[in-house]
Structures are given as C-alpha cells and as structure tokens.
Amino acid sequence: EVQLVESGGGLVQAGGSLRLSCAASGFTFDEYAIGWFRQAPGKEREGVSCISSSDGSTLYADSVKGRFTISSDNAKNTVYLQMNSLKPEDTAVYYCAALLMGGLRVVPPLDTKYDYWGQGTQVTVSS
C-alpha cells in the first residue's frame, strides 16, 4: 500500500522557520518525483516545490524561491521541505505527492498531475 505521511507543520511567527517531512512507503522511492503542494482557505492548490528522487534535481515556485529548500534522504524514503523566512501568506495545508517518473531524470512541472497524495499538514504563520 502506498503511503505518504506529512509531518512538521505548526504555528510559527512571521520570519520563523519550519521543516516539513514526507515519509513515503509502498513504492520504489527513487523511481518517483516527490512534490510539495499547498492549499490556503478559499484558494486553489498550488505547487510549491518538487525533487527528483533519482538525481536530486529540484524545482521551486517563484513565491518560495530563496526561502524554501527541498531535499531528499533516499535511505529513509523521506523528502523534506525546509521553510525559512515564513510569511503569513505561506499559511496553508501542505501536501506531499509522488509521481512515477519511469526512469526519466527530470523534474516534472509543478502543474503535473501526481499519482499519490498524503493527507496534509497545517502550517500557520502569524503576523
């Protein structure tokens, strides 16, 4: 059974940091790209960042470039999202998702339809 479990969300003041984790199981981790997405109340879900588990290449949304860093620990089947300099507009439920890449060593666009999704973790940034 495929599982993606997010953790690390919480309440933080503006300017603070959080590190989200996405623990994956039930599939061959390095055959997938893992992405982070977020959805704020009343807004559409948006892609935040993704990483190719096969070669570590990454992609970021413009809104988080320079503040967020995605990384992967393939030995632990876990992807992290380090979020620094958080802003109130970063408040959202954050989801991780997995996309089978079929051996392609590329990072998929953030608007790609992913195969598997986690349940999400709430991030709230107070002003």
Side-chain angles (χ1 to χ4, degrees):
E1 179 187 4
V2 173
Q3 280 195 318
L4 295 166
V5 180
E6 302 96 336
S7 61
L11 173 64
V12 64
Q13 288 188 331
S17 299
L18 284 174
R19 188 177 81 155
L20 305 183
S21 299
C22 173
S25 61
F27 59 90
T28 305
F29 189 72
D30 61 5
E31 292 181 354
Y32 283 73
I34 305 295
W36 283 100
F37 299 80
R38 66 187 182 186
Q39 187 165 20
K43 295 188 176 180
E44 292 188 355
R45 185 174 63 201
E46 65 169 331
V48 174
S49 181
C50 63
I51 187 168
S52 167
S53 299
S54 62
D55 68 358
S57 53
T58 59
L59 182 66
Y60 296 93
D62 288 343
S63 58
V64 305
K65 277 181 184 176
R67 300 189 298 122
F68 290 11
T69 302
I70 192 169
S71 61
S72 178
D73 185 338
N74 285 25
K76 296 182 178 180
N77 285 6
T78 300
V79 170
Y80 304 97
L81 185 68
Q82 178 67 43
M83 306 186 296
N84 298 329
S85 302
L86 282 162
K87 305 175 182 179
E89 51 263 44
D90 294 318
T91 295
V93 178
Y94 283 70
Y95 301 89
C96 67
L99 174 67
L100 177 62
M101 296 304 296
L104 294 175
R105 292 179 178 269
V106 296
V107 178
L110 289 172
D111 60 354
T112 304
K113 184 178 179 182
Y114 275 62
D115 299 314
Y116 304 107
W117 290 83
Q119 294 300 305
T121 186
Q122 176 71 46
V123 171
T124 303
V125 184
S126 63
S127 56

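Values reported hereafter were calculated over all heavy atoms of this structure, with side chains retained and with hydrogens, waters and symmetry mates removed.
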- request: Check whether any side-chain heavy atom of L20 lies under 4.5 Å from a side-chain heavy atom of E6, and answer yes or no.
  value: no
- prompt: Which class fits the ring pair Y94 and F68: parallel under 30°, tilted 30 to 60°, perpendicular over 60°?
  reply: tilted
field: Atom of A40, atom of A92 and distance for their closest heavy-atom approach
entry: N-CB, 3.8 Å
query: Just wondering, do E46 and S63 contact through their side chains at under 4.5 Å, heavy atoms?
result: yes
Closest non-hydrogen atom pair, Y95 against G118: CD2-O, 3.6 Å
Cluster check V125, F37: I/L/V/M/F/W/Y, side chain < 4.5 angstrom: no
message: According to disulfide (SG to SG under 2.5 Å), who are the partners of C22, at least two apart in sequence or on a separate chain?
response: C96
- request: Show your reasoning for whether salt bridge (charged side-chain N to carboxylate O under 4.0 Å, His left out) applies to D90 and K87.
  value: CA-CA 5 Å; D90 294 318; K87 305 175 182 179; over 6 Å; no
message: Using every non-hydrogen atom in the two residues, find where S53 and N74 come nearest and quote the distance to one decimal.
response: O-ND2, 2.8 Å
- prompt: Do W36 and Y80 share a hydrophobic cluster, counting only Ile, Leu, Val, Met, Phe, Trp and Tyr and linking them when any side-chain heavy atoms are less than 4.5 Å apart?
  reply: no
Residue pairs involving residues 14-34 (criterion side chain to side chain donor-acceptor pair (under 3.5 Å); sequence neighbours excluded): S17-N84
- line: Rounded to the nearest 0.5 Å, the CZ atom of F27 sits from the CD atom of E1 at a distance of 12.0 Å
query: Could you give the distance from CD (Q119) to CG (L4), rounded to the nearest 0.5 Å?
result: 9.5 Å
- prompt: Which value, rounded to the nearest 0.5 Å, describes the distance between K65 atom NZ and L59 atom CG?
  reply: 7.5 Å
- line: Minimal heavy-atom distance between L11 and S126, with the atoms involved, is CD1-CB, 4.3 Å
query: What distance separates L86 CG from R67 CZ, expressed to the nearest 0.5 Å?
result: 6.5 Å
message: Nearest 0.5 Å, please: how far is CD1 in I34 from CG in L99?
response: 8.5 Å
- line: dist R105:CZ -> S52:OG (nearest 0.5 Å) comes out at 7.0 Å
- prompt: Can you tell me if CD on Q122 sees more than 12 non-hydrogen neighbours from other groups inside 6.0 Å?
  reply: yes
Less than 3.5 Å apart, which donor and acceptor atoms pair up between the side chains of residues 107-115 and the rest of the protein, not counting sequence neighbours?
{"from": "T112", "atom 1": "OG1", "to": "P109", "atom 2": "O", "distance (Å)": "2.7"}
{"from": "D115", "atom 1": "OD2", "to": "L100", "atom 2": "N", "distance (Å)": "2.8"}

